[in-house]
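So that the names make sense, note that chain A is the first sequence line, chain B the second, and so on, each numbered from 1.
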2 protein chains.
Amino acid sequence: MEKQGTENHLQSFRKTMERIIPISDTDWQMISQKFEPIEVPKRTLLTKEGQIASSIYFIIKGILRIFYTKEDVEITGFIFSEGLFASCYESFLLQTKSNQTLEALEDCVLLTIDYHTLQTLYKEVPALHIVGRVVAEQRFINGQRILSSHLLDSHEERYRQFADQYPDLLQRVPQHIIASYLGITPVSLSRIRKRISRK
Amino acid sequence: MEKQGTENHLQSFRKTMERIIPISDTDWQMISQKFEPIEVPKRTLLTKEGQIASSIYFIIKGILRIFYTKEDVEITGFIFSEGLFASCYESFLLQTKSNQTLEALEDCVLLTIDYHTLQTLYKEVPALHIVGRVVAEQRFINGQRILSSHLLDSHEERYRQFADQYPDLLQRVPQHIIASYLGITPVSLSRIRKRISRK
DNA sequence: GTAATTTCTTTACAATTGTTAATGTTCTTT
DNA sequence: AAAGAACATTAACAATTGTAAAGAAATTAC
């Protein structure tokens with residue numbers, strides 16, 4: 001894994017936040033103090049099914065995924081890459097037991113904050129409520145787009161859109177994981193890819 | 001349509017908000033002034049595809065649905081009933097053209113606020129950011145549950161869960177609309193219902 | 001660098017769902 | 001109350017997708 005200074009990580013993090021709302025240097029002091037940089041190897045489980053999600057993770061480098069387990073089969077719910085806040089959100093927001101697992105698909109560099117620290121930070125930096133609201137709104141909109149694609153589009157269309165939108169994930173994520181994310185079997189995805197390649 | 005005093009409507013609205021955060025009488029003055037009570041008949045289109053969603057609607061009485069149009073077929077994205085904030089959210093939040101239509105499935109009593117008034121209100125009553133954040137979080141969690149059901153459950157299971165969770169909607173909403181919400185055809189839903197009734 | 005594991009593709013077959021069209025039912029409208 | 005429209009069910013058939021199993025390819029581990 002390449003090394004990079006913590007300051008640079010924090011800079012890219014601040015940039016992401018300031019796309020939402022400008023942050024004063026004083027507020028930034030408070031915020032950056034509370035986020036802890038960590039590195040985790042591939043296959044690390046950050047939150048496990050049955051546990052309460054203690055933290056959210058801003059992704060500096062790497063890929064995380066959420067998956068559900070149904071009859072010993074892992075079904076991917078979402079794939080997070082650089083610049084996103086990842087978590088088992090429902091568990092984190094409600095502080096209830098998760099029905100999802102959060103897993104590193106690559107070696108990752110993350111900035112993490114736990115639930116109680118975030119609540120404290122909300123009180124110290126009220127502007128963060130706006131960031132929280134906008135992030136929740138963005139995640140809602142994103143989820144709604146995915147859901148509408150399940151209602152409106154064929155499996156093939158959905159795969160094409162995924163490939164168009166996330167060409168890097170297509171390379172970095174195993175296909176059977178993409179398949180379950182699209183709501184189909186690996187066999188079916190393989191057939192779709194063959195069909196497309198013939199055109 | 002039964003008549004009820006505007007004061008009572010506002011009371012039930014305040015109650016819903018206070019489940020999220022206590023609101024002072026002063027703040028409540030500001031808030032309640034800005035929401036306008038309206039009544040609309042069945043089949044009213046509150047936002048049309050291609051338009052920008054001007055307002056959000058708190059539902060006092062009645063049912064709204066969001067639908068997409070694909071090759072002249074209407075596909076239901078969500079069904080809102082009493083106590084929820086309904087809108088074509090993506091269009092409303094981003095103030096971009098909607099790819100959804102918001103329709104009244106029954107005669108409705110609503111409290112409405114338009115985008116710019118809400119932005120003003122956010123400035124006057126900062127506590128509303130918390131309400132906005134929590135509502136966005138709730139809608140995100142709800143959307144995520146629906147999406148996971150599409151990934152994890154069979155059509156029959158999804159119908160059973162819908163029937164369990166919303167027995168009233170089962171009565172009040174036409175079945176072909178429920179079918180498209182579940183991501184299946186009316187024919188397929190009819191088969192599922194028959195299969196279940198035999199057990 | 002080779003063995004072991006994981007991942008991807010292919011095939012044959014089974015199961016589910018969609019499509020079309022006909023029929024019956026219910027709801028609206030006048 | 002009758003006519004028309006909208007909705008729900010059923011049947012036959014077509015198309016799609018899932019399942020299971022086997023082999024090929026790629027990746028990982030020692």
Got a list of side-chain donor-acceptor pairs under 3.5 Å for residues 182-190 of chain B, not counting sequence neighbours?
from: B:Thr185; atom 1: OG1; to: B:Ser188; atom 2: N; distance (Å): 3.1

Under 3.5 Å donor-acceptor pairs involving side-chain atoms of residues 92-104 of chain B, not counting sequence neighbours:
from: B:Gln95; atom 1: NE2; to: B:Ala53; atom 2: O; distance (Å): 3.1
from: B:Gln95; atom 1: NE2; to: B:Phe92; atom 2: O; distance (Å): 3.0
from: B:Ser98; atom 1: OG; to: B:Gln100; atom 2: N; distance (Å): 2.9
from: B:Ser98; atom 1: OG; to: B:Gln100; atom 2: O; distance (Å): 2.8
from: B:Gln100; atom 1: NE2; to: B:Tyr68; atom 2: OH; distance (Å): 2.8
from: B:Thr101; atom 1: OG1; to: B:Glu49; atom 2: N; distance (Å): 3.2
from: B:Glu103; atom 1: OE1; to: B:Arg65; atom 2: NE; distance (Å): 2.8
from: B:Glu103; atom 1: OE1; to: B:Arg65; atom 2: NH2; distance (Å): 3.1

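Because its NZ or CZ atom is both nearer than 6.0 Å to the ring centre of A:Phe78 and within 45° of the ring axis, A:Arg139 counts as a cation-pi partner of that residue.
A:Arg133 pairs by the salt bridge (charged side-chain N to carboxylate O under 4.0 Å, His left out) definition with A:Glu137, not counting sequence neighbours. Checked against ring-ring contact (aromatic ring centres under 6.0 Å, His included), A:Phe58 has the following partners two or more places apart in sequence or in another chain: A:Phe13, A:Phe85. With sequence neighbours left out, the side-chain contact (heavy atoms from CB on, under 4.5 Å) criterion links B:Asp164 to no other residue. Residues meeting the side chain to side chain donor-acceptor pair (under 3.5 Å) test with A:Gln175, sequence neighbours left out: A:Arg193. When the side-chain contact (heavy atoms from CB on, under 4.5 Å) test is applied to A:Val173, the partners found at least two apart in sequence or on another chain are A:Ile63, A:Ile79, A:Leu105, A:Leu169, A:Ile177, A:Ile178.
Using a 4.0 Å cutoff on non-hydrogen atoms, no part of residues 63-82 of chain B comes near DNA chain C. For the segment residues 162-171 of chain A, the set of residues with a heavy atom within less than 4.0 Å of an atom of DNA chain D is empty.
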Encode nucleotides 14-23 of chain D as B, S and - characters from 5' to 3', where the letter depends on protein heavy atoms closer than 4.0 Å: B to the base, S only to sugar-phosphate, - to neither. ---SBBB---
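Environment of NZ in B:Lys70: crowded, with over 12 heavy atoms of neighbouring residues, nucleotides or ligands closer than 6.0 Å.
Fit an axis to the five pairs at each end of the helix from C:dG1-D:dC30 to C:dT30-D:dA1 and the two axes sit 60° apart, to the nearest 10 degrees.
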Distances for protein N or O near nucleotides 26-30 of chain D N or O, under 3.5 Å:
from: D:dT28; atom 1: OP1; to: A:Lys42; atom 2: NZ; distance (Å): 3.2

